[in-house]
Amino acid sequence: SFRRGSVPPCASMATLDELDAQLRTAAKLLDGGASIIRDVGLNSQTNIRRIAEALVLVFEIQQEIYAVRPDLSPDFLRPPE
């Protein structure tokens with residue numbers, strides 16, 4: 001059984017590849033949401049700032065992934081050879 005504070009069994013099967021893919025998708029969706037907010041004028045300044053803050057958090061997690069798995073880092077973040 002699952003105890004609070006422990007890792008559920010299914011979580012141990014996840015990989016950094018999967019997490020990176022999910023975060024890339026999340027970033028694309030958030031970016032698209034910002035464009036829609038701008039287009040419909042839904043409190044644009046405040047809500048686009050909120051999306052930007054969410055993107056920063058996603059990018060911070062991705063940086064942790066790339067520190068462990070540099071092979072997952074996008075080409076534009078890799079140092080020139």
Side-chain angles (χ1 to χ4, degrees):
S1 72
F2 177 70
R3 290 183 350 264
R4 186 175 202 175
S6 65
V7 177
C10 61
S12 63
M13 308 237 350
T15 66
L16 290 176
D17 299 80
E18 292 169 311
L19 177 57
D20 184 52
Q22 292 266 335
L23 292 172
R24 286 177 192 235
T25 299
K28 288 177 185 174
L29 290 169
L30 286 166
D31 184 56
S35 296
I36 293 170
I37 287 170
R38 181 200 62 225
D39 293 346
V40 300
L42 182 65
N43 196 7
S44 294
Q45 186 175 5
T46 299
N47 288 322
I48 290 173
R49 186 185 75 248
R50 288 174 176 156
I51 288 182
E53 291 168 357
L55 282 167
V56 167
L57 296 173
V58 168
F59 295 152
E60 287 175 357
I61 297 168
Q62 286 177 310
Q63 289 304 311
E64 289 185 43
I65 293 170
Y66 304 149
V68 176
R69 289 280 311 277
D71 59 300
L72 294 176
S73 178
D75 290 339
F76 70 89
L77 291 178
R78 293 183 187 170
E81 295 181 5

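Just so you know, these numbers come straight off a predicted model, no measurement behind them.
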Val68 reachable from Leu19 in the ILVMFWY side-chain graph, under 4.5 Å edges: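 Linked within one cluster.
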Same cluster (ILVMFWY, side-chain, under 4.5 Å), Leu16 and Val58: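 Hydrophobic grouping puts Leu16 with Val58.
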Student check: side-chain heavy atoms of Gln62 and Ser73 closer than 4.5 Å: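 No, their side chains stay 4.5 Å or more apart.
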Test item: Leu23 and Ile65 side chains (from C-beta on) under 4.5 Å apart, heavy atoms: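 Yes. Closest side-chain heavy atoms under 4.5 Å.
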Determine the minimum heavy-atom distance between [X] and [Y], stating which atoms define it.
X     : Y     : value
Ala34 : Ile51 : N-CD1, 3.5 Å
Phe59 : Ala27 : CE2-CB, 4.2 Å
Tyr66 : Asp20 : OH-OD1, 2.8 Å
Leu42 : Asn47 : O-ND2, 2.8 Å
Ile37 : Ser44 : O-OG, 3.4 Å

Residues that Arg69 engages under side chain to side chain donor-acceptor pair (under 3.5 Å), provided they are two or more places apart: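 Per chain and number, Arg69 pairs via side chain to side chain donor-acceptor pair (under 3.5 Å) with Asp17, Asp71.
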CD (Glu53) with more than 12 external heavy atoms under 6.0 Å: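 Atom CD in Glu53 is packed in, count exceeds 12.
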Side-chain (Glu64) to main-chain (Ile61) donor-acceptor, under 3.5 angstrom: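 Not a single qualifying donor-acceptor pair exists.
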